[in-house]
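Working notes, beginning with the structure itself.
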Amino acid sequence: MSLAPLLDFMARGGPALWVIAALSVLTLALFFWRVIGLAQAGVWRKPQAEAWLDQWSAGGTPPISAGRTPLDRVTLSAMRALLTPEFSPETAEKETARIAKAELAGLRRGLRPLELIAAIAPLVGLLGTVLGMIGAFQALQESGSGADPSVLAGGIWEALLTTAAGMAVAIPASALASWVEGLAEREQAAMEDAATRVFTAAAARPALRHAAE
């Protein structure tokens, strides 16, 4: 397959279109990177935390197995922190918050680059359009009274390519950033609820409260 038509199309848009093309490749790479990272973190796995919380509320102990999801890991960390003799209830709560923040930071990794791409891609496209319009009107001025309107029209639509391309990159990048943030907010709410249930149940268990103290 010949690359000549693609290269010709990119040349019409000027340097701004090349920058937007690079941003589109970066957006696609970030998408696959985040999908793989979220899958490895266990975001789409079924959490076991609910069953563990029921056992904990009934006076049980934390399971030996490691958590498969961020919610599982935060729930286990809260239970184990409360059972650590060196930790006071306040220290256990801080330790749980620390682990939860680390899990959320991992889920939100790559969010800032996506937000940056969504912000600057339309601006790069607009810059390319403005530069293209300037070039089109300069060509019209140089042609004098014998100017061909089709030349100006051709220059304008070629300049507008960069605006369309910038929007075409910014929209998916913004959608991807919102999707990642939505997943992180969902996990954060579940973590806060699970941690509250762990500490509330512990407060009702005198033996556990005495051990923590």
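Nothing here was measured: the structure is a model prediction, and the numbers come from that model. Heavy atoms only: backbone and side chains are in, while hydrogens, waters and symmetry mates are out.
- Counting heavy atoms from C-beta on, the side chains of Arg108 and Glu187 never come closer than 4.5 Å.
- By the 4.5 Å heavy-atom criterion applied to side chains, Leu107 and Leu38 are counted as neighbours.
- Considering CD of Glu95 and CD of Glu90, their distance stands at 14.0 Å, rounded to 0.5 Å.
- No path of Ile, Leu, Val, Met, Phe, Trp and Tyr side chains, each step under 4.5 Å between heavy atoms, connects Val124 with Leu127, placing them in separate hydrophobic clusters.
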TODO: Under the side-chain contact (heavy atoms from CB on, under 4.5 Å) rule, what do Thr91 and Thr84 come out as? Steps first, then yes or no, please.
DONE: CA-CA 10 Å; Thr91 305; Thr84 302; over 6 Å; no
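- Side-chain contact check for Leu26 versus Pro113: every heavy-atom pair is 4.5 Å or farther apart.
- Atoms CZ and CG, on Arg112 and Leu116 in that order, are 10.5 Å from each other to the nearest 0.5 Å.
- With rounding to the nearest 0.5 angstrom, the CG atom of Leu114 is 9.5 Å from the OG atom of Ser174.
- Side-chain contact check for Phe199 versus Pro89: every heavy-atom pair is 4.5 Å or farther apart.
- Side-chain contact between Thr75 and Trp56: absent, with no pair of heavy atoms (C-beta onward) separated by less than 4.5 Å.
- Gly42 and Thr69 make their closest contact through O-CG2, 3.2 Å (heavy atoms, listed as atom of the first residue, atom of the second, distance).
- Leu176 and Val35 fall within a single hydrophobic cluster, where Ile, Leu, Val, Met, Phe, Trp and Tyr are joined by side-chain heavy atoms under 4.5 Å apart, directly or via other members.
- The two residues Ala168 and Pro172 make their nearest non-hydrogen contact at O-CD, 2.8 Å.
- Taking hydrophobic clusters as Ile, Leu, Val, Met, Phe, Trp and Tyr residues chained together by side-chain heavy-atom distances below 4.5 Å, Val169 does not share a cluster with Leu131.
- Closest approach of Ala177 to Glu115, counting heavy atoms only: CB-CG, 4.1 Å.
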Task: Derivation and outcome, side-chain contact (heavy atoms from CB on, under 4.5 Å), residues Thr96 and Met191 - done: CA-CA 10 Å; Thr96 303; Met191 290 175 187; over 6 Å; no
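- Looking at residues two or more places apart in sequence or on another chain, you find no side chain to side chain donor-acceptor pair (under 3.5 Å) involving Thr196.
- Taking each heavy atom of Leu17 and Ala165 in turn, the nearest pair found is CD1-CB, 3.5 Å.
- Leu126 CG to Leu160 CG: the interatomic distance, rounded to the nearest 0.5 Å, is 10.0 Å.
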- [ ] List the steps and the verdict of side-chain contact (heavy atoms from CB on, under 4.5 Å) for Val43 and Arg186.
- [x] CA-CA 10 Å; Val43 171; Arg186 185 194 67 186; 3.4 Å; yes
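- Using a 30° and 60° split on the angle between ring planes, Trp179 and Trp44 fall in the parallel class, below 30°.
- Residues Leu104 and Ala184 share a closest heavy-atom pair of CD2-O, 3.6 Å.
- Tracing side-chain contacts under 4.5 Å through hydrophobic residues (I, L, V, M, F, W, Y), one never reaches Leu161 starting from Leu123; they form parts of separate clusters.
- By the rule that hydrophobic residues join a cluster once side-chain heavy atoms approach within less than 4.5 Å of another member, Trp33 and Leu111 end up as members of one cluster.
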- [ ] Let me see the working for Glu103 and Val74 under side-chain contact (heavy atoms from CB on, under 4.5 Å), right down to the final yes or no.
- [x] CA-CA 8 Å; Glu103 290 286 346; Val74 172; 4.1 Å; yes
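- One finds the CG atom of Asp72 at 6.5 Å from the CG atom of Leu76 (value rounded to the nearest 0.5 Å).
- For the atom pair Arg80 CZ and Leu83 CG, the distance stands at 9.5 Å (nearest 0.5 Å).
- Annotation for Ile20 and Thr162: closest pair CD1-O, 3.3 Å, computed over non-hydrogen atoms.
- Between the side chain of Thr200 and the backbone N or O of Arg197 there is no donor-acceptor pair closer than 3.5 Å.
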